[in-house]
2 protein chains.
Amino acid sequence: MAASTLTEVARLAGVSPATASRVLNGSARKPGKDIADRVRQAADSLGYVPNAQAQGLAKSSSGLIGLIVHDIADPYFAAIARGVQEAAREQRRMVLLATTGGGPAEEKEAVAAFAARRADSIVIAGSRSCRDEDQDGNAELAAELDRYCRNGGRVAVVGHPVVGATASEGYHVVEVPNQELAGRLATELAAGWDGDFVIVGGPEGLLTSDDRVRGFQDGLERVGRRPAEVLRSAFNRSGGYEAGLQLAARIKAARSGETAAPQLCIFAVNDVMAIGAAAALRSEGLRIPRDAAIAGFDDIETLRDFRPALSTVRLPLEDIGRFATRATGRQPDTGNGEEGESASPGVITGEVTLRRSTEAAA
Amino acid sequence: MAASTLTEVARLAGVSPATASRVLNGSARKPGKDIADRVRQAADSLGYVPNAQAQGLAKSSSGLIGLIVHDIADPYFAAIARGVQEAAREQRRMVLLATTGGGPAEEKEAVAAFAARRADSIVIAGSRSCRDEDQDGNAELAAELDRYCRNGGRVAVVGHPVVGATASEGYHVVEVPNQELAGRLATELAAGWDGDFVIVGGPEGLLTSDDRVRGFQDGLERVGRRPAEVLRSAFNRSGGYEAGLQLAARIKAARSGETAAPQLCIFAVNDVMAIGAAAALRSEGLRIPRDAAIAGFDDIETLRDFRPALSTVRLPLEDIGRFATRATGRQPDTGNGEEGESASPGVITGEVTLRRSTEAAA
DNA sequence: AAGAAGTGGGAACGCGCTTTCCCAGCCAGT
DNA sequence: ACTGGCTGGGAAAGCGCGTTCCCACTTCTT
């Protein structure tokens with residue numbers, strides 16, 4: 001990757017590199033019109049492209065923002081990524097992508113890599129985990145993030161703070177009211193449903209999943225329903241599918257008994273799992289919502305055409321990404337309270353969306 | 001973004017920066033064991049993180065690979081991005097993301113930005129367009145790419161070469177046999193379907209769409225069927241939906257006539273459009289495949305649980321991303337024919353996958 | 001008309017790192 | 001014992017740019 005340099009441009013224009021630099025990027029000092037034109041002309045006759053690395057080195061800031069997701073092909077993360085991308089464009093910065101599969105160790109590496117690249121800020125989108133085996137990883141991740149922040153980096157994490165992180169300067173958390181929304185979903189569901197509830201959750205310790213489970217149980221309790229049983233499996237489509245198979249077996253067993261089969265309403269802690277579970281039920285010959293109702297969480301766009309339409313909680317994924325990114329933007333000036341506030345992200349809120357998949361069978 | 005520097009580490013370890021540099025990254029020269037240990041210890045006692053920008057500047061190569069997509073939230077691109085990401089990790093590089101919405105002008109800007117950042121290579125995943133209004137944009141994009149290649153950059157574009165690009169050095173195209181596969185889909189569909197075909201395509205001039213349309217027509221012709229009518233709309237879900245509404249109206253009109261309603265098989269040039277079309281039909285009270293069959297293209301993972309299961313052409317999206325990325329990797333040595341070949345990407349092939357959505361109604 | 005204030009351009013240093021070149025020791029060879 | 005080839009470490013020159021400082025020159029003061 002060689003290319004023409006500022007010095008070459010300057011030489012061609014017959015000026016000093018300093019002058020060339022001043023005209024080719026917004027500097028405080030504006031060289032004279034005629035000279036500026038000469039430089040600009042020289043620049044594009046040479047096809048000059050400024051070296052962002054050198055600029056970054058000199059200015060010590062890179063215009064990069066790092067995004068950490070579990071898996072970019074997961075529509076949940078893809079939607080967030082879109083928001084991040086948009087906000088980044090607003091700020092005229094580029095996004096650096098890292099996918100980690102969810103392990104704190106890999107997340108730590110990603111943070112280190114971003115730090116090495118001197119990314120101005122980092123957005124962490126994956127769910128936090130507090131499982132025992134992630135203990136060490138979390139600690140290391142927290143340490144890495146702290147160091148990054150101490151060096152002036154800004155980080156935003158969606159959902160939960162990184163377990164053990166202590167940095168306060170430049171450390172933002174975009175709160176997602178998973179628990180509250182799950183609670184609302186539970187109560188609304190309960191209003192139209194007399195049968196039992198089962199929760200299909202992710203692995204214990206996955207904070208996002210745990211919040212949704214807890215919120216749902218709370219909601220149930222608030223309306224005087226007994227707590228739902230919780231099935232744990234992977235936080236993705238196949239996890240949902242497996243849980244779905246188990247439930248299908250159970251439903252069929254119950255149905256063959258003589259007592260009236262109790263209707264079951266399944267709450268999967270995210271849409272993708274819900275779809276997996278639904279697929280499993282269907283593969284076992286069960287129909288939704290006739291044989292079991294099912295609800296998800298997230299309201300993934302691509303899944304909205306799914307039939308039966310999935311009851312879920314709409315989360316403004318794109319906004320979440322956008323807000324997280326904006327939160328890491330340079331504050332205008334701490335002096336001006338009003339302007340400073342406008343930079344602070346709006347509060348995230350979701351919306352329970354009941355659809356066909358949980359309509360009580362007539 | 002300040003942090004401790006190599007010089008500081010060197011000073012703490014009581015060696016010269018040169019030595020510190022040699023031990024902290026793979027250099028040809030390996031300093032003595034004791035010295036190396038001292039340096040390493042100094043490094044992590046200081047929490048040293050090398051400045052990739054400075055490294056890049058000195059080595060003139062950044063370890064960055066730029067990825068250009070239309071929209072990262074589109075599952076098609078997300079899947080490709082996953083492949084790119086994986087390959088990038090293999091090569092210990094990071095991916096820089098740019099989403100352009102499909103316009104050549106924005107793509108050109110993205111290329112320029114990547115060039116500025118001195119990305120080692122660029123992968124362009126979006127479909128090429130040859131519409132008249134994109135003429136100028138394409139030319140500029142081509143020029144920008146040429147310059148990038150001339151400066152030693154490597155680019156891979158999936159599907160079609162950029163219209164007007166002339167660079168040969170370091171310019172790869174990952175061929176996707178859209179036309180052939182669409183043809184095969186047509187013939188296999190025709191084998192089980194006596195009625196008419198309609199194609200729901202993207203805007204004319206979108207090369208990927210055009211290829212699939214053309215291939216489908218060719219396939220039809222090969223088996224002696226008359227060409228399908230082509231409806232054009234946006235290359236996304238809502239485009240499919242709109243086309244679906246039109247078709248629904250047509251189907252219903254035909255049905256109300258006295259002649260037996262001719263069965264219709266709709267081929268949407270990508271899965272997302274197919275889903276949109278299906279949703280439209282359903283919203284008009286039509287059922288699939290009873291009232292109309294429908295097929296897509298891509299076999300998007302998230303859509304596989306869609307009901308009725310969508311007939312489509314499976315494309316190894318992730319591999320496409322992977323191959324494109326690998327194609328831009330530094331060749332080992334042109335001298336060694338065998339090794340050189342192994343770096344060249346495998347050939348992309350797809351697979352016609354017939355499912356429920358096109359089962360002839362009994 | 002002489003000095004102050006202002007304007008516009010250049011020289012030079014530094015950002016953090018790699019890499020070439022050089023030099024001081026060390027070994028083996030005659 | 002003396003020299004030639006190695007080895008391992010340091011000095012220094014960039015990589016491409018931003019920026020501070022400095023200087024020559026113009027324009028407005030009293």
Side-chain angles (χ1 to χ4, degrees), chain A residues 1-40 42-43 46-64 112-113 115-120 151-152, chain B residues 1-40 42-43 46-64 115-120 151-152:
Chain A
M1 284 304 317
S4 51
T5 74
L6 218 191
T7 312
E8 290 171 23
V9 173
R11 195 177 319 154
L12 181 65
V15 300
S16 79
T19 306
S21 167
R22 290 196 264 252
V23 22
L24 292 181
N25 4 24
S27 165
R29 290 180 48 175
K30 295 285 164 202
K33 184 97 177 62
D34 47 345
I35 275 211
D37 286 347
R38 269 220 319 276
V39 171
R40 249 184 290 270
L46 250 47
Y48 169 71
V49 177
N51 185 326
Q53 304 208 86
Q55 291 189 159
L57 227 207
K59 297 197 295 201
S60 78
S61 108
S62 59
L64 254 27
R117 297 236 129 79
R118 296 306 186 260
D120 297 331
N151 288 337
Chain B
M1 283 303 318
S4 51
T5 76
L6 183 66
T7 311
E8 290 172 23
V9 172
R11 193 176 323 151
L12 181 63
V15 300
S16 78
T19 306
S21 168
R22 288 196 266 254
V23 23
L24 291 181
N25 5 19
S27 165
R29 289 181 49 178
K30 294 285 164 206
K33 183 97 178 64
D34 46 347
I35 275 209
D37 287 346
R38 264 214 330 270
V39 171
R40 248 183 290 271
L46 250 45
Y48 170 70
V49 178
N51 186 326
Q53 303 209 85
Q55 292 188 157
L57 187 52
K59 298 199 293 202
S60 75
S61 107
S62 59
L64 253 27
R117 296 239 132 77
R118 297 303 187 263
D120 297 331
N151 287 337

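What's counted below: heavy atoms across the whole structure, side chains too, no hydrogens, waters or symmetry copies. No experiment lies behind these values; they were computed from the predicted model shown. Lettering follows sequence order; numbering is per chain, from 1.
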- From A:Asn151 atom CG to B:Ser4 atom OG, the distance as rounded to the nearest 0.5 Å: 7.0 Å
- Working to the nearest 0.5 Å, report the span between OG of B:Ser61 and CZ of B:Arg118. 12.0 Å
Give the nucleotide from the list [options] with an atom nearest to the side chain of [X].
X: A:Tyr48; options: D:dC15, C:dG10, D:dC17; answer: D:dC17
X: B:Ala58; options: C:dG16, D:dG18, C:dG9; answer: C:dG16
X: B:Ala18; options: C:dG14, C:dG16, D:dA12; answer: D:dA12
X: A:Asn51; options: D:dG10, D:dG16, D:dC15; answer: D:dG16
X: A:Arg22; options: D:dT20, C:dG16, D:dC17; answer: D:dT20

Could you pull out every donor-acceptor pair under 3.5 Å between side chains of residues 47-55 of chain A and any protein atom, sequence neighbours left out?
| residue | atom | partner | partner atom | Å |
| --- | --- | --- | --- | --- |
| A:Asn51 | OD1 | A:Gln53 | N | 2.8 |
| A:Asn51 | OD1 | A:Ala54 | N | 3.1 |
| A:Gln55 | OE1 | A:Asn25 | ND2 | 3.3 |

For atom [atom1] of [X] and atom [atom2] of [N], their distance in whole Å:
X: B:Arg118; N: D:dC15; atom1: CZ; atom2: C1'; value: 11 Å
X: A:Asn151; N: C:dG16; atom1: CG; atom2: P; value: 11 Å
X: B:Leu57; N: C:dC17; atom1: CG; atom2: P; value: 12 Å
X: B:Glu8; N: C:dG16; atom1: CD; atom2: P; value: 8 Å
X: A:Ile35; N: C:dT7; atom1: CD1; atom2: P; value: 17 Å
X: A:Gln53; N: C:dG14; atom1: CD; atom2: C1'; value: 18 Å
X: B:Arg117; N: D:dC17; atom1: CZ; atom2: C1'; value: 14 Å

- Message: Would you say that A:Arg40 contacts A:Val23 through its side chain, given a criterion of any heavy-atom pair below 4.5 Å between the two side chains?
- Response: yes
- If only atom types and distance count, is the side chain of B:Arg117 paired as donor or acceptor with the main-chain N or O of A:Ser62 below 3.5 Å? yes
- Terminal helix-axis angle for the helix from C:dA2-D:dT29 to C:dT30-D:dA1, with five pairs defining each axis and rounding to 10 degrees: 50°
- Does the side chain to side chain contact (heavy atoms under 4.5 Å, CB included) test come out yes or no for B:Thr19 and B:Ile35, once each step is laid out? CA-CA 9 Å; B:Thr19 306; B:Ile35 275 209; 3.8 Å; yes
- Query: When all nucleic acid strands are considered with a 4.0 Å heavy-atom cut-off, which category describes A:Ser21: base, sugar-phosphate, or nothing?
  - Reply: base
- Under the side chain to side chain contact (heavy atoms under 4.5 Å, CB included) rule, what do B:Arg38 and B:Leu12 come out as? Steps first, then yes or no, please. CA-CA 9 Å; B:Arg38 264 214 330 270; B:Leu12 181 63; over 6 Å; no
- In this structure, which one of B:Asp34, B:Leu24, B:Leu6 forms a side chain to side chain contact (heavy atoms under 4.5 Å, CB included) with B:Val39? B:Leu24
- Query: So, is A:Gln55 near the phosphate of D:dG18, with a side-chain N or O under 4.0 Å from OP1 or OP2?
  - Reply: yes
- Looking only at side-chain N and O atoms, does B:Asn25 come under 4.0 Å of OP1 or OP2 in C:dC17? no
- Message: Which residues in residues 10-17 of chain A have a heavy atom closer than 4.0 Å to any atom of DNA chain D?
- Response: none
- With nearest nucleotides of DNA chain D determined for B:Lys59 and B:Asp34 from heavy-atom distances, which residue corresponds to the more 5′ nucleotide? B:Asp34
